[in-house]
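Residue numbers count from 1 along this sequence. Below, each value reflects all heavy atoms present in this structure, side chains not excepted, and no hydrogens, waters or symmetry copies.
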Amino acid sequence: MEENKTTAKETILDKFKSDRDNYSLEIRRNIEKLNNIKDLKEVQIFFLSTRQRLLEDNHTLIDNLSKLKKGYRQKKGKEWENVSNQNMRYQGHEKKVIVEGKTTELQETIEIIENQISFMDGSIKTVDNVLFGLKTRLDLEKLLG
């Protein structure tokens with residue numbers, strides 16, 4: 001069972017790394033296309049659609065994170081009760097260490113998803129900045145003729 005958890009976590013890590021690499025590469029390639037005025041419309045469409053995909057993916061992650069945090073709190077509560085109901089006497093900090101040890105897997109998964117959400121937020125800001133710069137450039141092109 002421990003192997004399945006590790007494998008699932010590694011699968012999530014690999015998927016998120018792949019997603020980050022793909023988004024970063026696509027954004028970088030299309031920023032480079034901004035040099036050619038003929039590509040501006042295509043680049044604008046790309047960034048608008050990419051922004052939408054990022055937002056949708058981010059909201060999905062936030063929903064999943066919310067569910068995971070709820071499960072984490074429930075599991076942590078159950079583990080706290082289990083430790084408290086044992087015949088052995090533990091001090092408060094010892095109980096905390098035991099409970100944290102038993103809920104580490106969920107906590108790590110939560111941290112992985114939070115990191116991905118941070119990446120998505122940063123990517124959305126980057127796309128917003130590019131779109132703002134693109135709009136300014138198109139306005140200048142119109143002004144200059």
Side-chain angles (χ1 to χ4, degrees), residues 1-140:
M1 184 169 171
E2 189 66 32
E3 289 180 21
N4 289 340
K5 287 182 181 178
T6 304
T7 304
K9 188 169 60 172
E10 289 172 357
T11 302
I12 291 170
L13 282 170
D14 291 342
K15 183 193 179 325
F16 286 169
K17 182 182 181 332
S18 173
D19 287 350
R20 287 191 304 268
D21 291 345
N22 288 337
Y23 276 122
S24 297
L25 183 64
E26 285 179 18
I27 289 170
R28 199 173 311 117
R29 281 183 181 162
N30 279 281
I31 286 174
E32 291 171 1
K33 287 183 180 179
L34 291 173
N35 292 331
N36 188 350
I37 189 74
K38 294 177 182 174
D39 293 335
L40 290 184
K41 292 290 181 190
E42 176 188 330
V43 171
Q44 186 177 29
I45 291 169
F46 164 79
F47 279 112
L48 288 169
S49 65
T50 299
R51 184 179 193 284
Q52 187 62 37
R53 276 189 297 143
L54 283 165
L55 284 170
E56 289 171 5
D57 290 350
N58 202 26
H59 286 292
T60 301
L61 285 172
I62 291 169
D63 288 343
N64 290 335
L65 179 64
S66 169
K67 292 173 187 171
L68 268 175
K69 282 186 173 182
K70 179 182 177 185
Y72 171 73
R73 287 189 301 271
Q74 288 173 341
K75 183 172 182 175
K76 194 172 182 178
K78 287 179 185 175
E79 293 297 336
W80 194 266
E81 284 178 15
N82 291 342
V83 170
S84 297
N85 291 336
Q86 289 181 354
N87 290 336
M88 296 187 68
R89 305 274 289 174
Y90 294 110
Q91 293 182 6
H93 69 281
E94 292 172 326
K95 287 181 184 179
K96 184 177 179 183
V97 169
I98 292 169
V99 169
E100 285 178 358
K102 292 185 178 192
T103 57
T104 298
E105 198 68 36
L106 264 177
Q107 182 62 32
E108 288 175 353
T109 304
I110 288 170
E111 289 172 5
I112 290 168
I113 293 175
E114 286 174 339
N115 288 337
Q116 187 71 5
I117 289 171
S118 294
F119 170 80
M120 295 291 206
D121 287 339
S123 296
I124 291 167
K125 288 178 185 174
T126 299
V127 168
D128 286 344
N129 290 336
V130 170
L131 285 169
F132 179 76
L134 187 59
K135 180 190 175 305
T136 304
R137 179 157 180 200
L138 288 172
D139 290 344
L140 280 173

*Might you work through the salt bridge (Lys or Arg N to Asp or Glu O under 4.0 Å) test for Lys135 and Asp139, ending with a clear yes or no?*
CA-CA 6 Å; Lys135 180 190 175 305; Asp139 290 344; 3.0 Å; yes

*Kindly determine whether Val130 and Leu34 satisfy side chain to side chain contact (heavy atoms under 4.5 Å, CB included), including the steps that lead there.*
CA-CA 9 Å; Val130 170; Leu34 291 173; 4.1 Å; yes

*Begin from the C-alpha positions of Phe46 and Val127 and carry the test side chain to side chain contact (heavy atoms under 4.5 Å, CB included) through to its verdict.*
CA-CA 10 Å; Phe46 164 79; Val127 168; over 6 Å; no

*Check the pair Lys15 / Gln116 against side chain to side chain contact (heavy atoms under 4.5 Å, CB included), numbers first and verdict last.*
CA-CA 10 Å; Lys15 183 193 179 325; Gln116 187 71 5; over 6 Å; no

*Mind running side chain to side chain contact (heavy atoms under 4.5 Å, CB included) on Asn82 and Lys102 for me, showing each step along the way?*
CA-CA 11 Å; Asn82 291 342; Lys102 292 185 178 192; 5.7 Å; no

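Taking CZ from Phe16 and CG from Leu61, the interatomic distance works out to 5.0 Å, rounded to the nearest 0.5 Å. Note: Ile12 CD1 to Ile113 CD1 = 6.0 Å, rounded to the nearest 0.5 Å. From Lys9, atom NZ reaches atom CG of Leu106 across 11.0 Å, with rounding to the nearest 0.5 Å. Between the CD atom in Glu100 and the CH2 atom in Trp80 there is a gap of 8.5 Å [rounded to 0.5 Å]. Atom CG in Leu68 sits 10.5 Å away from atom CZ in Arg73 (nearest 0.5 Å). Taken to the nearest 0.5 Å, the CG atom of Leu13 stands 4.0 Å off from the CD1 atom of Ile112.
Closest heavy-atom contact between Met120 and Asn58: CB-OD1, 3.5 Å. Scanning all heavy atoms of the two residues, the minimum distance from Ile124 to Leu55 falls at CD1-CD2, 3.6 Å. Nearest approach of Tyr72 to Ile110, heavy atoms of both residues: CB-CD1, 3.7 Å. Looking at every heavy atom in both residues, Thr103 comes nearest to Lys75 through CG2-CG, 4.0 Å.
Taking the side chain as every heavy atom from C-beta outward, Ser18 and Asp14 never approach each other to under 4.5 Å.
The side chain to side chain donor-acceptor pair (under 3.5 Å) search around Gln74 returns none, not counting sequence neighbours. Residues forming a side chain to side chain donor-acceptor pair (under 3.5 Å) with Lys76 (at least two apart in sequence, or on another chain): none.
Heavy atoms of other residues, nucleotides or ligands lying less than 6.0 angstrom from CZ of Arg29 number 12 at most.
When each of Leu134, Thr136, Asn129 is tested with Phe132 by the rule side chain to side chain contact (heavy atoms under 4.5 Å, CB included), just one qualifies, namely Thr136.
Using a cutoff of 4.0 Å between basic side-chain nitrogens and carboxylate oxygens, Lys17 and Asp21 are scored as salt-bridged.
Applying the salt bridge (Lys or Arg N to Asp or Glu O under 4.0 Å) rule to pairs touching residues 51-65 yields Glu26-Arg53, Arg51-Asp128, sequence neighbours excluded.
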